[in-house]
Amino acid sequence: MQIIKTVKELRSVVKSAKKEGKTVGFVPTMGFLHDGHMSLVDYAKKDNDFVVVSIFVNPTQFGENEDLDAYPRDVEGDTRKLENRDVDVLFFPSVEEMYPHGYSTYVNVEGEMTGVLCGSSRPGHFKGVATIVTKLFNMVSPDNAYFGQKDAQQVSVIERMVRDLNMDLNIIPCPIFREEDGLAMSSRNTYLSEQERKDALVLSQSLFEAKNRIEQGERISKKIIDGIVDKIKTIDYAIIDYVEIVDALTLNKIETLEGEILIALAVKVGKPRLIDNMRLEV
Ligand code: AMP
């Protein structure tokens, strides 16, 4: 595996691979890799001849009071994991390489899609995401790029951006990878104390219970949301940011459950703010 830190070198390596007729798969990450990330890498390896994984903790997608400096990092461990999966390139640029002095250009997906769910509690977050993903796409020129459904809104925003800006690649959404007990894997789970780790299970449990209720015929959004909120409130120190049910494609709130729906939540469990979701066809 080549570890590359500059855009120039990355471009030249990808160009050579393409010259040999190889298809290029790309998995952007912020590192501290877990099996959820690795499942994306496995999809990319399966579909493509040449796989690039990036690790970059992108400052522009963190708000002022968020965990940019504390965000967990382990490049050595990550490198080992990626080498074991036979990844071709790890792109690991510096902040200066990505945002050199004088940097002033941003990509912003406007409207409802970035104003709801995480967009409303993390202003500017998706502008940072759209900008860095655009930059990475321009650097890697992948045929296929892999994103986790764990960040469902991110997938929708990126799909919208790719359509709107006529970007020439496929976005491949990949299923949420969970711990055996149901907790959605996340680099931020490392912040959880032992007790919080146990308590955090209410998030996935509340979603699975909601799924059951919908399968049994419940169609009123508010009733499902109330059920989820009640379950989460059994953990008295958990702070709910949002619990919403939206149309999975437009991210518009819905009152009656039908079609492709997304049940999404964000909850602070101790230090970390955790997100989880479930997508269902009703
Ligand atoms: P991050 O490093 O958190 O920016 O995540 C990098 C990519 O991995 C994003 O596309 C995430 O949606 C995806 N990802 C993170 N956690 C999971 C998970 N538990 N299951 C599937 N994909 C995930």
Side-chain angles (χ1 to χ4, degrees), residues 1-58 60-61 75 77-100 105-107 109 126 128-152 154-177 187:
M1 183 175 76
Q2 294 190 66
I3 302 175
I4 293 179
K5 296 190 172 185
T6 66
V7 179
K8 192 169 171 216
E9 204 186 334
L10 175 69
R11 284 223 170 99
S12 128
V13 167
V14 173
K15 210 171 174 183
S16 304
K18 287 200 164 178
K19 230 183 195 164
E20 291 170 28
K22 292 182 175 171
T23 54
V24 177
F26 176 46
V27 182
T29 81
M30 298 204 299
F32 208 71
L33 302 178
H34 50 65
D35 288 348
H37 294 115
M38 299 319 288
S39 71
L40 268 52
V41 172
D42 290 341
Y43 285 113
K45 285 288 298 180
K46 195 159 68 62
D47 297 349
N48 301 276
D49 307 314
F50 192 84
V51 170
V52 178
V53 175
S54 65
I55 295 181
F56 182 64
V57 183
N58 173 36
T60 66
Q61 71 188 68
V75 173
D78 291 349
T79 304
R80 239 175 293 123
K81 287 176 191 166
L82 296 171
E83 269 169 351
N84 284 340
R85 292 299 220 278
D86 265 336
V87 164
D88 298 281
V89 170
L90 163 58
F91 181 50
F92 178 55
S94 65
V95 174
E96 294 70 34
E97 181 74 6
M98 298 304 268
Y99 297 108
T105 305
Y106 292 87
V107 179
V109 177
F126 286 112
V129 169
T131 300
I132 196 66
V133 170
T134 300
K135 285 170 67 65
L136 287 164
F137 285 175
N138 283 337
M139 293 166 185
V140 180
S141 310
D143 298 288
N144 302 300
Y146 296 78
F147 291 86
Q149 196 57 39
K150 158 92 184 343
D151 298 88
Q154 174 170 278
V155 174
S156 300
V157 169
I158 288 166
E159 285 177 331
R160 182 76 260 165
M161 176 185 87
V162 164
R163 279 200 301 276
D164 288 353
L165 297 182
N166 309 93
M167 293 179 173
D168 189 15
L169 79 164
N170 305 307
I171 300 301
I172 318 286
C174 305
I176 300 179
F177 206 84
S187 305

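Excluded from the calculations below are hydrogen atoms, water molecules and symmetry mates; all remaining heavy atoms, backbone and side chain alike, are included.
Listed for the Asn144 side chain is no donor-acceptor partner under 3.5 Å among the backbone atoms of Gly25. Between the side chain of Glu83 and the backbone N or O of Met1 there is no donor-acceptor pair closer than 3.5 Å. Panel note: side chain Lys45, backbone Asp86; a donor-acceptor pair is recorded below 3.5 Å. Judged purely by atom type and a 3.5 angstrom limit, Lys135 uses its side chain to pair as donor or acceptor with the backbone of Met98. Ser12 places no side-chain N or O within donor-acceptor distance of the main-chain N or O of Lys8, the cut-off being under 3.5 Å.
Remark: Pro173 engages Gln149, Val155, Glu159 in a side chain to side chain contact (heavy atoms under 4.5 Å, CB included) (not counting sequence neighbours). Residues that satisfy the side chain to side chain contact (heavy atoms under 4.5 Å, CB included) test with Ser39, not counting sequence neighbours, are Phe177. When the side chain to side chain contact (heavy atoms under 4.5 Å, CB included) test is applied to Leu40, the partners found at least two apart in sequence or on another chain are Val27, Tyr146, Cys174.
Between atom CD1 of residue Ile158 and atom CZ of residue Phe137 there is a gap of 6.0 Å, rounded to the nearest 0.5 Å. Atoms CD and CZ, on Gln61 and Phe126 in that order, are 9.0 Å from each other to the nearest 0.5 Å. How far CG of Leu33 is from CG of Asp78: 3.5 Å, rounded to the nearest 0.5 Å. Distance check: Asp88 CG to Lys22 NZ gives 6.5 Å after rounding to the nearest 0.5 Å. Rounded to the nearest 0.5 Å, atoms CZ (Phe147) and OG1 (Thr29) are 11.0 Å apart. Taken to the nearest 0.5 Å, the CZ atom of Phe26 stands 10.0 Å off from the CD1 atom of Ile171.
Side-chain contact between Leu165 and Val107 is present, with heavy atoms from C-beta onward closer than 4.5 Å. Annotation: side chain of Tyr106 is in contact with side chain of Thr60 (closest heavy-atom distance under 4.5 Å).
Ring planes of Tyr99 and Phe56: tilted class, angle from 30 to 60°.
Between Pro28 and Leu136, the shortest heavy-atom distance links the atoms CB-CD1, 4.2 Å. Heavy-atom minimum distance, Val89 versus Ile4: CG1-CD1, 3.9 Å. Residues Ser187 and His37 share a closest heavy-atom pair of OG-CE1, 3.4 Å. Residues Val140 and Val14 come closest through the heavy atom pair O-CG1, 3.3 Å. The heavy-atom pair separating Thr23 from Asn48 by the smallest distance is OG1-CA, 3.3 Å. Heavy atoms only, all atoms of each residue included: Val75 and Thr79 are closest at O-OG1, 2.6 Å.
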Are Met167 and Met161 close enough, and set up right, to give a side-chain contact (heavy atoms from CB on, under 4.5 Å), and what steps lead you there? CA-CA 8 Å; Met167 293 179 173; Met161 176 185 87; 3.8 Å; yes
Test side-chain contact (heavy atoms from CB on, under 4.5 Å) on Ser141 and Lys18 and set out the steps. CA-CA 10 Å; Ser141 310; Lys18 287 200 164 178; 3.5 Å; yes
Verify side-chain contact (heavy atoms from CB on, under 4.5 Å) between Val52 and Leu10, making sure each step is shown before the conclusion. CA-CA 9 Å; Val52 178; Leu10 175 69; 4.2 Å; yes
